[in-house]
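Scroll down for the structure; my scribbles are underneath it.
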Amino acid sequence: MVAISLLFKKMASNSTSDYFRGGGKMLWWMVGATAFMTQFSAWTFTGAAGKAFTDGFAVLAVFIGNMFAYLLAWAYFARRFRQMRVDTPTEAVRRRFGPVNEQFFTWVIIPLSVINAGVWLNGLGVFASAVFNADIISTIWITGLAVLAISMLSGAWGVVASDFIQTLVIAVISVACAVVALWAVGGPANIVTEFPSGFFTGPDMNYPLLMVGTFLFFIVKQLQSINNMQESYRFLNAKDSKNASKAALMALLMMLIGAVIWFIPPWATAILYPNAGAQYPELGAKARDAVYLVFAREAMPLGTVGLLMAGLFAATMSSMDSALNRNSGIFVRSFYATIVRKGKATDKEQLRAGQIACLVNGLLVIFMAQFFNSLKHLSLFDLMMQVATLLQSPILVPLFFGMLIRKTPSWAPWATVVFGLGVSWMVVDVFTPQYVMSWFGVEKLTGREISELKTIIPIVAHLVLTGGFFCLSALFYKPQTDTNVEAANAFFKDVETECVEDDAQDIVDRMQRNKLGDLTIYMAIGLSAMVFIPNPMWGRLLFLSCAAAVFIVGYALKRSAKIDRAAVVFRPATQNNR
């Protein structure tokens, strides 16, 4: 991963736009990979796998929500995010809502990103400690510093390039484990029929209607979580509007295929090794989060645990480096350049400030991961869900609805977040699962039902109350007092105007294919060496198949990077690509 950052360092050093979003020159398959990987972290292999091991099909609620979200991104949002023609999300907030809201969201987005990245990094530390019997804190520091190096050296280019390579690593280990799991358990039908306590409902679930609510409201939550101005940065990288939409479609297809593949091994583990969740008692409440390791160790050929760990490190790095790169861009463009330097900072100065901001953010993430490690009583799944629903939801409401509702007063965005934090407080202290269910005459709840309700109730509360607050604020809109009306009108005009690649893009396209083709082929060579590990023939063939699949991707990229002189057509840009 660090080698990738060195390879792409030069491409990120030309300007702050190149450093923060690749200059808006990236191909759809690179952007699609980073859109996919930012929804994927070590938590998927740990906390989510633990949820799949105990509760079965219910874990797919989050990922089905992701599928619907990317479907909407492909149909509507992705190209419009690209057409905002900005380098950072908070610059879009300034154009849409004005400078006061830009500063407000700058200082709520950055801390929340640090918290989320700390959860991801802590999840990796938990898993690595179980695999290697290593110190969790050491793992957190070593991995955190490696991610910091990627983000600092090569900016968005290194982040997105590493995301693409990491996607291949994840795909290889996921498919290999799923194939072996299906063979070991006797096919998908046996997973459904033999899963302990019922595959579709799981244990301790007396009210299956809660499951329906979980699926429906997670769709609503993920629609907002993925399609909002804060998360628009992934589509800002695309070279034009069409590539942004293609990237969303690629993320959708990968999520559709991957969601089931990821969880076949923990589902099979619940049948084959029912005590897997108790094999690491030193992890406390997080013990079940190591079930993927148990499967890789017991059912897969020698060497798979190493490959699994490569995938886990890759997944965590992809989530962290994206957060660090986005935060540094937000800090520099929305605070340092505008408030500290009052528009006098040169592009080179902003580039250096971005690297310093990246360093500070990276260290804060490491410290946050250490703090979460002290919360031994809380499972990773619950930790992730509580951070997302209680802290993130209020922020996302105005950043989602603001793309759809155009006439709102200037105070509506920040006031909505403040109101939403009050809603989160009420959910924790007033609208508890026991209190809400008492409305329906239910007095006794199982631990799992309480856990599900702790996720559902905040989603419903923010959808109805926080979302309703923002929508109702339109009633107080007065255009004659709106000082940002011209900027907002220009913003929406750009949002509806297509971005088209310029005539020099072909050179950059081929450079991307060539560099990533080389890296992918090198990775395939490394994977092929696993054939020499002393395994049964089926194990050697499994590794050989993995290496061959990765090599085909690398070869195709290298081949597509060759210039066909007769086919090269130069055409001028018809729109400002920015």
Side-chain angles (χ1 to χ4, degrees), residues 1-2 4-26 30-31 34 38 84-95 99 102-103 105-114 116-117 144-163 229-238 317-368 508 578:
M1 295 300 103
V2 176
I4 290 173
S5 67
L6 295 173
L7 191 61
F8 281 87
K9 180 181 179 182
K10 186 175 181 180
M11 295 181 70
S13 60
N14 296 323
S15 68
T16 51
S17 182
D18 286 323
Y19 186 78
F20 294 140
R21 65 158 187 147
K25 300 173 184 176
M26 297 183 185
M30 287 183 69
V31 178
T34 198
T38 48
M84 293 190 303
R85 292 171 169 84
V86 294
D87 290 328
T88 67
T90 46
E91 287 180 303
V93 172
R94 180 177 66 223
R95 295 192 67 195
E102 177 190 21
Q103 293 306 311
F105 281 98
T106 293
W107 296 109
V108 296
I109 287 175
I110 290 177
L112 183 62
S113 295
V114 170
N116 276 326
L145 292 175
V147 175
L148 190 52
I150 297 172
S151 302
M152 283 186 62
L153 291 174
S154 55
W157 279 110
V159 167
V160 176
S162 64
D163 282 352
M229 281 189 276
Q230 176 185 333
E231 301 300 322
S232 65
Y233 69 94
R234 53 173 69 93
F235 298 113
L236 294 176
N237 298 331
M317 286 179 172
S318 70
S319 301
M320 278 190 60
D321 57 22
S322 295
L324 294 183
N325 181 255
R326 180 187 62 189
N327 282 2
S328 62
I330 289 174
F331 175 82
V332 170
R333 286 298 181 85
S334 293
F335 181 73
Y336 180 80
T338 58
I339 303 299
V340 178
R341 297 287 289 141
K342 301 186 183 303
K344 297 180 181 179
T346 64
D347 196 71
K348 185 176 181 180
E349 181 184 345
Q350 292 182 51
L351 186 62
R352 294 292 175 263
Q355 292 173 326
I356 295 172
C358 188
L359 172 64
V360 174
N361 269 277
L363 293 175
L364 289 175
V365 168
I366 293 173
F367 291 130
M368 186 61 65
V508 182
R578 178 70 164 72

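Values below: all heavy atoms of this structure, side chains included; hydrogens, waters and symmetry mates excluded. Because the structure is predicted, anything quoted here is derived from the model rather than measured.
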Spatial distance of atom OG1 (Thr106) from atom CG (Asn327) [nearest 0.5 Å]: 10.0 Å
Phe20 CZ to Glu91 CD distance, which is reported to the nearest 0.5 Å: 9.0 Å
Close side-chain approach of Leu148 and Val365, heavy atoms under 4.5 Å: no
Main-chain N/O of Val31 paired with Thr34 side-chain donor or acceptor, under 3.5 Å: no
Heavy-atom closest contact (Tyr19 atom, Cys358 atom, distance): OH-CB, 4.4 Å
All pairs passing side-chain hydrogen bond (donor to acceptor under 3.5 Å, both in side chains) where residues 149-161 contributes a residue, at least two apart: none
Nearest-0.5 Å distance that lies between atom CZ in Arg352 and atom CG in Asp347: 10.5 Å
Full working for side-chain contact (heavy atoms from CB on, under 4.5 Å) between Val159 and Leu324: CA-CA 9 Å; Val159 167; Leu324 294 183; over 6 Å; no
Any Arg94 side-chain heavy atom under 4.5 Å of Thr338 side chain: yes
Side chain to side chain donor-acceptor pair (under 3.5 Å) evaluation trace for Glu349 with Tyr336: CA-CA 10 Å; Glu349 181 184 345; Tyr336 180 80; 2.4 Å; yes
Test log, rule side chain to side chain donor-acceptor pair (under 3.5 Å), inputs Thr16 and Arg333: CA-CA 9 Å; Thr16 51; Arg333 286 298 181 85; 2.5 Å; yes
Charged N-O contact under 4.0 Å between Arg326 and Glu231: yes
Any side-chain heavy-atom pair of Asn361 and Phe331 under 4.5 Å: no
Heavy-atom side-chain proximity of Met30 to Asn237 below 4.5 angstrom: no
Note, Val360 side chain near Leu364 side chain (heavy atom, < 4.5 Å): yes
Spacing of Ser15 atom OG and Arg21 atom CZ [to the nearest 0.5 Å]: 9.0 Å
Minimal non-hydrogen separation, Phe105 against Thr90, with atom names: C-CG2, 4.4 Å
Any side-chain heavy-atom pair of Lys25 and Asp18 under 4.5 Å: yes
Inter-residue atom distance Ser334.OG - Glu102.CD, 0.5 Å rounding: 3.5 Å
Over all atoms of both residues, closest heavy-atom pair of Lys9 and Leu153: CG-O, 3.4 Å
Minimum heavy-atom distance Ala156-Asn325, with the two atoms named: N-ND2, 3.3 Å
4.5 Å side-chain heavy-atom contact, Asp87 and Leu236: no
Distance in Å, Met229 CE paired with Thr88 OG1, rounded so as to fall on 0.5 Å steps: 12.0 Å
